[in-house]
Amino acid sequence: MSLLEVHDIHAAYGSSRVLFGISLDVAEGECVCLLGRNGMGKTTTMRAIMGLTPPSSGRIVWKGKDIAGQAPHRVARAGIGFVPEDRRIFAELSVRENLDVAGRAAARPGRWTIDEVFKLFPKLVELSGRQGGYLSGGEQQMLTIGRTLMGNPELLLLDEPSEGLAPLVVENMLEQISRLKREGLTILLAEQGVDFSLALADRVYVLEKGTVRFSGPAARLREDTKLRDELLALSSA
Ligand SMILES: Nc1ncnc2c1ncn2[C@@H]1O[C@H](COP(=O)(O)OP(=O)(O)OP(=O)(O)O)[C@@H](O)[C@H]1O
Ligand SMILES: [Mg+2]
């Protein structure tokens, strides 16, 4: 059964329309990727799910219940955690304090503690006293994911986790997200990085100008380089 079903959503920023009927679904334990170039609607789709940019029409069904238009804190409490692409951590607070604040605000009780986050991202242990503003991009990304996990989400929305990171750091991030997946966490990922997404995803939706251009198993895109080139050439047009 699908945990999340998005049916034909439309969304706009003011008078500028950006989503034109996006439909997708995510089953429990799946890793699904929204793939697409700049400005195709990946972030807006995630913001619509979170209630940050409510859709003007369409349905967003979470565990059988329509949550379209609900306030973001209610969506979080219902079990959806969002890791935004701009990594909003508290620059003046230390790594530990950032996690602590997230723990206090935790949407739901569950397995995640600061120690569990440190187990997933051992690098953060040695940085636990450092202010958020003095972390590298990769370290900030780990902290942002850690903060969201502290809310014990059942579905993790990860917006471009590899963006702006050096290749070696991307490799690490890939391994850590794979670990979350192996543990059974359900993940919806937005990415421009084709290799990164195909390494993680079970299924892929290729977005183009606010619509779904292709959907199918990630394996199809891994095997069929011609199809991959066609889709990505199209989506960059
Ligand atoms: N706050 C905003 N106000 C107006 N237009 C916006 C706003 N945010 C995004 N847009 C526009 O909406 C469209 C979709 O943007 P969105 O951020 O969803 O794309 P994306 O696929 O996440 O791109 P990227 O890979 O660059 O993050 C783009 O044309 C973008 O310019
Ligand atoms: Mg984006």
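Counting starts at 1 for both ligands and their atoms, in listed order.
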If you have a sec, work out which protein heavy atom is nearest [atom] and how many Å separate them, to one decimal?
atom	value
atom 17 (O) of ligand 1	T43 CB, 3.6 Å
atom 12 (O) of ligand 1	V18 CG1, 2.9 Å
atom 9 (C) of ligand 1	Y13 CE1, 3.4 Å
atom 24 (P) of ligand 1	E160 OE2, 3.6 Å
atom 27 (O) of ligand 1	E85 OE1, 3.1 Å
atom 28 (C) of ligand 1	G39 O, 3.6 Å

Please indicate, with yes or no, if any protein heavy atom is found under 4.0 Å from atom 30 (C) of ligand 1?
->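 Flag for atom 30 (C) of ligand 1 set to false, no protein heavy atom closer than 4.0 Å.
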
Shortest non-hydrogen contact from S56 toward A11 =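 Heavy-atom minimum between the residues: OG-N, 4.1 Å.
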
Shortest non-hydrogen separation from T186 to G29 and the atoms involved =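 For T186 versus G29, the nearest heavy atoms are OG1-N, 2.8 Å.
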
Would you say [X] contacts ligand 1, with heavy atoms under 4.0 Å as the rule?
X	answer
M46	no
G36	no
R47	no

Answer yes or no: does atom [atom1] of [X] have more than 12 heavy-atom neighbours from other residues, nucleotides or ligands under 6.0 Å?
X	atom1	answer
R104	CZ	no
R222	CZ	yes
D8	CG	yes

When clusters are formed by joining ILVMFWY residues with side-chain heavy atoms under 4.5 Å apart, either directly or through shared neighbours, do L188 and F196 land in the same one?
->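 Result: no, two separate clusters.
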
With D159, which of T45, T144, T43 fulfils side chain to side chain donor-acceptor pair (under 3.5 Å)?
->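 Passing option: T43.
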
Does T43 bring an N, O or S atom to under 2.8 Å of the Mg ion (ligand 2)?
->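 Yes, T43 qualifies, because one of its backbone or side-chain N, O or S atoms lies under 2.8 Å.
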
Atom NZ of K123 and atom CD of E139: how far apart are they, to the nearest 0.5 Å?
->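 Answer for the NZ-CD pair, K123 versus E139, is 4.0 Å.
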
Please determine if S16 has a nitrogen or oxygen closer than 3.5 Å to a nitrogen or oxygen of ligand 1.
->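 No, there is no polar N/O contact under 3.5 Å.
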
Just which atoms of ligand 1 are under 4.0 Å from any heavy atom in M40?
->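 Taking each heavy atom of M40 in turn, ligand 1 has 19 (O), 20 (P), 21 (O) under 4.0 Å.
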
Could you pull out, from N38, T45, T44, the option with a heavy atom nearest to atom 18 (O) of ligand 1?
->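 Result: the heavy atom closest to atom 18 (O) of ligand 1 is in T44.
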
Would D224 and K226 pass as an ion pair if we require N to O under 4.0 Å?
->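 Result for this pair is no, no salt bridge flagged.
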
